[in-house]
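One structure below.
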Amino acid sequence: MNLERLFRPKSIAVYGGKWSDYVVQQCRKLGFSGEIWHVNPTRENCINSTDNLPGVPDSVFLGINRDLTIKEFRLLKEKGIGGAVIFASGFNEEKDGEAFALKLDHAAGDIPYIGPNCYGFANFFDRVAMWPDQVTGKSLERGVAFISQSGTISITVMGQRRSLPLGYVITVGNQQRLAAEDLIQYCAEDDRVSAIGLYLEGILDVQKFIDSVDHARSLGKPIALIKVGRSIQSQSIALTHTGALTGSDEIHDAFFERIGVARCETLSSLVETLKIFHCFGPLPSNKILILGASGGDMSMVSDIAKGFELDFTAIPEDKLDALKATVGNRVKLSNPLDFQTATWFENTKLQEMFDVLLKCGYAVTALMLDPQDETEADTESFDNVIEVLLKVAQKTTAKVSLLSSLPESLTKSTRERCLSSGVVPLQGLLESIEALCHAAKISKVWSEWSPPQIVPSNNESIDVKTLNEFEAKNLLKKHQINIPESKLVSADEVLEAAEAIGFPVVLKAVVPEILHKSDMSGVILNLKNVSELKDALSKMSGLSDTFLVEEMITECVAEFILGMTDDKQFGLSLTLGAGGIFTELLKDSVVLMMPLSKKHVKESISKLRANKLLKGWRGQPEGDSEELVETVMSFEKFIKSNIENLTGCEINPLIVRPSGKGVVVADALIMMKEK
């Protein structure tokens with residue numbers, strides 16, 4: 001679909017009254033050089049009908065009600081317009097709007113349009129604003145594209161005082177014809193676009209979104225977004241622990257991380273991330289150096305950065321002597337670096353210090369400084385330090401930042417001086433640290449590109465059979481997943497089975513309807529002899545006529561949960577986390593999107609708090625991490641092999657024993673389609 005005429009028009013037509021007046025005004029304000037035709041049959045100074053247009057407009061703004069929108073679009077299609085903005089509401093977002101949405105699509109034919117119920121777009125590259133409100137921004141030759149499902153958020157981003165250069169601001173409304181994924185592809189193909197920002201409430205087509213992100217990646221265009229709507233996922237297996245662990249928000253997090261899209265928490269962090277992308281693209285690593293003339297500032301950096309995946313590697317030893325020569329012996333050469341004030345008024349020393357530090361190989365070297373407003377204070381010394389930094393930065397290929405702890409500390413003139421020197425001005429310590437962390441993750445994903453496979457969901461209404469634990473475990477065993485030695489027997493056969501297996505044993509009542517046997521006293525562990533076994537059997541009297549006798553798994557280092565999550569939008573994925581009786585209490589889990597790799601699984605395990613147990617917590621033995629990885633990989637194969645019939649699966653607990661002793665399924669729940 002060709003979107004050039006829609007977004008880069010040579011002529012435009014504007015339909016409507018007061019709201020549409022803004023479109024004309026903002027186009028003229030930006031300096032749009034093409035034809036502007038305002039259509040309004042009730043005004044003397046406007047064209048009174050589509051039939052009387054003096055030419056065929058490339059792009060049309062329809063700021064009229066839904067009935068007139070459909071009528072006029074049909075006429076404009078016949079004329080051969082390039083595209084349209086549909087401002088009117090009352091389509092799919094309303095109860096009676098579905099019929100109108102169908103009529104709109106029919107009227108439009110194959111003409112591209114954004115909306116309905118959208119604010120339009122501003123193109124600062126080509127000085128056109130199909131936008132029924134104030135537009136703040138200026139013409140530029142290179143900048144960020146911002147695509148949003150909210151007009152108000154778009155206005156906020158346009159009005160930011162953070163010097164993010166915006167080339168496109170595009171709202172999508174209902175995404176009836178053009179969705180965010182279409183616009184990602186369009187913007188990525190524009191050589192003037194440096195990076196892409198998104199504000200989304202949802203993704204319409206997950207696979208198309210992946211393909212668009214991949215296309216942007218291939219063109220070197222990084223993406224950052226805010227995805228709102230942190231809601232609880234509707235699960236097909238509401239009674240499993242996995243269902244309680246994994247909501248749609250966790251799946252979105254895993255999805256965006258897998259495809260290398262930076263998910264930001266706030267508009268502030270989104271803007272700062274996009275500034276880094278605009279200036280540098282994805283950072284080559286997470287090795288960061290931050291320096292300043294204040295111990296207090298550097299302490300704040302250390303505290304805030306603690307929760308982020310940034311590497312404050314020490315300054316290289318081969319640079320220490322040269323650095324000491326500039327800052328003196330009293331300065332402790334660490335990272336973050338408090339260089340104190342000995343060199344503050346000595347330009348030569350400052351220049352030498354910056355020169356040494358910019359040769360240390362960090363992904364970004366950031367000077368933290370909060371100059372006061374020049375209208376209220378004398379900022380000469382601050383300005384001087386900044387000028388020295390910019391002067392040195394222009395002579396190197398190193399990536400440099402000027403970072404302020406308070407957003408308002410960097411004035412517009414300071415920010416623009418930085419940008420013109422190739423230095424990124426970062427505002428606000430927390431959002432800047434978050435932005436650096438986001439920017440550092442993308443390169444790795446790009447270099448190891450492995451997009452998720454969307455395995456279709458099985459959660460339609462179907463008849464489901466729950467396998468008993470013996471059946472479930474033996475099905476897993478067929479896929480190289482270790483289970484305890486066990487026997488399924490009647491009450492009369494329990495003692496014989498236990499003696500054959502050897503004490504200690506576990507006794508379990510086998511009732512498929514009881515999903516969590518421990519809650520119903522249906523499982524008793526570590527039975528060491530016949531007497532204890534008889535007593536346990538007596539306590540379970542009435543629960544079941546069938547029992548599972550198993551070897552008791554000892555030397556447990558950690559218990560995990562490994563389950564399948566079935567999401568209507570993202571299909572099947574895996575959940576791995578801390579297991580046992582504390583699963584829902586700790587909520588320590590990660591989502592694994594298929595296909596998996598051993599490296600991906602290892603990295604995911606390392607993010608869990610429970611990983612500390614595997615490393616040997618407080619003198620305890622290390623867990624068999626390698627076998628845990630192998631088990632997760634085997635679990636994926638099991639799911640794929642049974643994809644047509646499997647509706648739910650959970651292993652909990654999955655017992656990890658000391659290194660070299662393996663991983664064993666202690667309990668399993670599997671649900672299959674009734675045949």
Side-chain angles (χ1 to χ4, degrees), residues 283 285-308 310-374 377-406 409-411 414 417-418 421 423-430 432-433 436-437 440:
L283 298 179
S285 75
N286 66 345
K287 290 177 63 177
I288 306 297
L289 170 67
I290 297 181
L291 68 150
S294 164
D297 282 347
M298 296 305 98
S299 294
M300 287 177 58
V301 169
S302 297
D303 286 349
I304 290 175
K306 193 173 182 180
F308 294 91
L310 291 174
D311 181 3
F312 287 84
T313 298
I315 297 167
E317 289 190 13
D318 62 353
K319 298 292 190 293
L320 295 181
D321 288 342
L323 191 56
K324 285 179 182 178
T326 67
V327 299
N329 293 323
R330 292 186 178 182
V331 173
K332 182 181 179 182
L333 301 183
S334 59
N335 183 13
L337 173 63
D338 171 18
F339 63 87
Q340 301 179 18
T341 55
T343 59
W344 187 258
F345 295 105
E346 297 187 42
N347 284 7
T348 300
K349 293 289 187 182
L350 278 171
Q351 185 169 325
E352 290 173 353
M353 178 185 71
F354 291 139
D355 185 62
V356 171
L357 293 174
L358 296 187
K359 293 177 181 176
C360 288
Y362 291 98
V364 168
T365 301
L367 171 64
M368 187 170 171
L369 205 61
D370 280 77
Q372 300 179 45
D373 191 326
E374 65 266 20
D378 181 359
T379 63
E380 182 180 356
S381 65
F382 291 94
D383 295 338
N384 178 65
V385 174
I386 293 171
E387 286 301 325
V388 173
L389 175 70
L390 301 185
K391 181 179 178 181
V392 176
Q394 288 175 301
K395 297 178 181 179
T396 178
T397 58
K399 295 174 175 61
V400 183
S401 170
L402 179 65
L403 188 160
S404 65
S405 59
L406 295 176
S409 294
L410 297 187
T411 62
T414 299
R417 275 159 47 213
C418 286
S421 299
V423 171
V424 59
L426 295 177
Q427 296 165 257
L429 183 55
L430 178 58
S432 297
I433 292 291
L436 288 166
C437 186

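All values reported here derive from a predicted model rather than from experimental measurement.
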Going from CD on Gln351 to OG1 on Thr326, what distance comes out if it is rounded to the nearest 0.5 angstrom? 11.5 Å

Restricting to non-hydrogen atoms, name the atom on Val364 and the atom on Ser401 that form the minimum distance, rounded to 0.1 Å. CG1-CB, 4.1 Å

Just do the side chain to side chain contact (heavy atoms under 4.5 Å, CB included) check on Ile290 and Asp297 with the steps written out, would you? CA-CA 10 Å; Ile290 297 181; Asp297 282 347; over 6 Å; no

Is it the case that the side chain of Asn384 and the backbone of Phe345 share a donor-acceptor pair, with hydrogens and angles ignored and the cut-off at 3.5 Å? no

Side-chain donor/acceptor of Ser421 to backbone N/O of Val423, under 3.5 Å: no

Heavy atoms only: give me the nearest Ala305-Ile433 pair and the separation to one decimal. CA-CG2, 4.0 Å

Take Asp338 and Lys332 through the test side chain to side chain contact (heavy atoms under 4.5 Å, CB included) and record every step on the way to the result. CA-CA 7 Å; Asp338 171 18; Lys332 182 181 179 182; over 6 Å; no

Which residues share a side chain to side chain donor-acceptor pair (under 3.5 Å) with Asp370, sequence neighbours left out: Ser405, Ser409

Under the rule for side chain to side chain donor-acceptor pair (under 3.5 Å), what residues qualify as partners of Asp355, not counting sequence neighbours? Lys359

Could you measure the distance from the SG atom of Cys437 to the CD1 atom of Ile288? Nearest 0.5 Å is fine. 9.0 Å

Taking all non-hydrogen atoms of both residues into account, name the closest pair between Pro336 and Val301 and its distance. CG-CG1, 3.7 Å

Sorted by chain and number, sequence neighbours left out, side chain to side chain contact (heavy atoms under 4.5 Å, CB included) with Thr341 holds for Ala293, Trp344

Closest approach of Leu426 to Leu410 (non-hydrogen atoms, all atoms of both residues): O-CD1, 3.8 Å

Side-chain polar contacts of residues 387-399 - donor-acceptor pairs under 3.5 angstrom, sequence neighbours left out - could you list them?
residue : atom : partner : partner atom : Å
Glu387  : OE2  : Arg417  : NE           : 2.8
Glu387  : OE2  : Arg417  : NH2          : 2.7
Thr396  : OG1  : Ala398  : N            : 3.1

Contacts of type side chain to side chain contact (heavy atoms under 4.5 Å, CB included), residue Met300, not counting sequence neighbours: Leu429

Output the distance between atom OG1 (Thr365) and atom CG (Leu403), rounded to the nearest 0.5 Å. 12.0 Å

Quick check against the 3.5 Å criterion: does Thr343 have a side-chain atom that pairs as donor or acceptor with the backbone of Leu350? no

Are Leu323 and Met353 close enough, and set up right, to give a side chain to side chain contact (heavy atoms under 4.5 Å, CB included), and what steps lead you there? CA-CA 6 Å; Leu323 191 56; Met353 178 185 71; 3.9 Å; yes

Kindly compute the distance separating CG (Leu402) from CZ (Phe382), expressed to the nearest 0.5 Å. 11.5 Å

State the CD-CG distance between Glu352 and Leu357, to the nearest 0.5 angstrom. 12.0 Å

Which atom pair, heavy atoms only, marks the closest approach of Asn335 to Tyr362? ND2-CE2, 3.7 Å

How far apart are the C-alpha atoms of Leu291 and Phe354, what are their side-chain angles, what is the distance that settles it, and do they pass the side chain to side chain contact (heavy atoms under 4.5 Å, CB included) test? CA-CA 10 Å; Leu291 68 150; Phe354 291 139; 4.0 Å; yes

If I take atom OG from residue Ser334 and atom CZ from residue Phe339, how far apart are they, to the nearest 0.5 angstrom? 12.5 Å

Which pair of heavy atoms, one from Ile386 and one from Pro371, lies closest together, and at what distance? CD1-CG, 4.3 Å

A side-chain contact here means heavy atoms from C-beta on lying under 4.5 Å apart; do Val385 and Leu367 qualify? yes

Name every donor-acceptor pair, under 3.5 Å, that has one atom in a side chain of residues 312-320 and the other anywhere in the protein, sequence neighbours excluded.
residue : atom : partner : partner atom : Å
Thr313  : OG1  : Asp311  : OD1          : 2.7
Thr313  : OG1  : Asp311  : OD2          : 2.8

